[in-house]
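Working notes, structure below.
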Amino acid sequence: MFDLANSHRSIRSFTDQTVDDALLNDLLMTGLRSSSSGNMQTWSVIVTRDEANKRKLYELHVEQEMVLEAPVVLTFCADVFRMREWIRVNDSKQSFDDLLGFLTGAVDAVIAAQTICLAAESVGLGICYMGTTWWAADALIKFLALPQGVFPVTSLVLGYPAEDPPLRDRLPLDLIVHQERYRQLSDDEIRAGHAGREQKAWARYNAIESVRTKLAEAGITRVTDYYTSNFKYSKDLHQRVSRMLIETLQTQGLWL
Ligand SMILES: Cc1cc2nc3c(=O)[nH]c(=O)nc-3n(C[C@H](O)[C@H](O)[C@H](O)COP(=O)(O)O)c2cc1C
């Protein structure tokens, strides 16, 4: 288990080999074994294998090639709709159509997704999460016909790896772990703690010709400038997506 988790790499390029139905079913069954709040299992997953549907998902996930290459795309959703339907047919008192219901489902969904990732990696499959799920939440809801109470929270591409990337770097553990109380780091500790990341990320980005050109043309010389530039996670993008998420949570009946 330790070896498996410590050798994780996101895989973004896949062979033509399909994922067998029985194997996919085993993976999903393993996901179902995950812990969930109150054992309510307030999550759902949409399996996409159809080429035309994958092409549409490719468009929604900002044309990430791995969506077309992977034989399977999984969209994990917070789902209080099914729980609320169960309550409705039993004429019990309704609940869960609020932010807490959404967060309950979102945590259940992500835990199940990660269980599936580890199980998939244990049999030689590769996975990559897609944060673009948030960016396209409103469009995904329409395309996947998600009813009120259901909200996409993360997606995975899944398939047999056609690449063998090196392990990505991680921050020092003591930046992440706090004993008993949160300890804010000094500026020097922040600099020292991020020095390795800064160096490795910069080298990685510059090794990709298209990124190197973009960085040079935009005059970007630091990793943090790149992270908050229009190429990645700009404030403008964050505000636009955040506004859409709040509106979409409202229309999905998951705000208050
Ligand atoms: C929530 C989440 C969203 C992610 N979104 C994307 C994505 O949209 N595209 C992508 O290529 N990688 C995505 N990744 C993969 C990360 O870039 C990757 O996990 C990180 O760079 C560390 O690399 P590693 O997983 O190979 O160790 C995502 C990962 C997570 C956990």
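When a ligand or atom number is given, it counts from 1 through the structure's own listing order. All heavy atoms count here, side chains included; hydrogens, waters and symmetry mates do not. Heads up: numbering here begins at 1 and tracks the sequence.
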Exercise for review: Give yes if a backbone or side-chain nitrogen or oxygen of Arg12 is under 3.5 Å from a nitrogen or oxygen of ligand 1, and no if not.
Suggested key: yes
Exercise for review: Using distance alone, determine whether Met66 and ligand 1 share an N or O pair under 3.5 Å.
Suggested key: no
Point to revise | For Arg170, the ligand 1 atoms whose distance to one of its heavy atoms is below 4.0 Å | key: 22 (C), 24 (P), 27 (O)
Check your understanding: Can you tell if the side chain of Asn53 reaches within under 4.5 Å of the side chain of Phe143, non-hydrogen atoms only?
Key -> yes
Review point. Are a donor atom and an acceptor atom from the side chains of Glu69 and Tyr58 found within less than 3.5 Å of each other?
Key: no
Review point. Listed by chain and number, what are the side chain to side chain donor-acceptor pair (under 3.5 Å) partners of Asp187, not counting sequence neighbours?
Key: none
Practice item. Apply salt bridge (Lys or Arg N to Asp or Glu O under 4.0 Å) to the pair Lys54 and Glu51, showing each step before the final yes or no. Key: CA-CA 5 Å; Lys54 274 205 297 158; Glu51 287 301 325; 3.4 Å; yes
Exercise for review: Provide the number and element of each atom of ligand 1 under 4.0 Å from a heavy atom of Gln64.
Suggested key: 7 (C), 8 (O), 9 (N), 10 (C), 11 (O)
Review point. Quick one: which ligand 1 atoms are inside 4.0 Å of a heavy atom on Arg9?
Key: 26 (O)
Check your understanding: Got Leu158 and Leu27 here, is their nearest side-chain heavy-atom distance under 4.5 Å?
Key -> yes
**Study point:** Residue pair Gln94 / Arg84, side-chain donor-acceptor N/O under 3.5 Å
**Key:** yes
Point to revise | Within-4.5 Å side-chain heavy-atom neighbours: Thr104 and Phe96 | key: no
Exercise for review: Just need the protein heavy atom nearest to atom 18 (C) of ligand 1, so name the residue and atom and give the distance.
Suggested key: Ser10 OG, 3.6 Å
**Study point:** Under-4.0 Å heavy-atom contact with ligand 1, by part of Arg204 that carries it
**Key:** neither
Check your understanding: Between Tyr226 and Phe231, how do the two ring planes meet: parallel, tilted or perpendicular, split at 30° and 60°?
Key -> tilted
Study note, to complete from the structure: Any heavy atom of His61 under 4.0 Å from ligand 1? The part involved is neither
Check your understanding: Out of Pro165, Ser7, Gly131, whose heavy atom sits nearest atom 3 (C) of ligand 1?
Key -> Gly131
Revision key, fill the gap. When distances are taken from atom 30 (C) of ligand 1, the protein heavy atom at minimum range is Tyr129 CB, 3.5 Å
Check your understanding: What is the nearest protein non-hydrogen atom to atom 23 (O) of ligand 1, stated with its residue, atom name and distance?
Key -> Arg168 CG, 3.3 Å
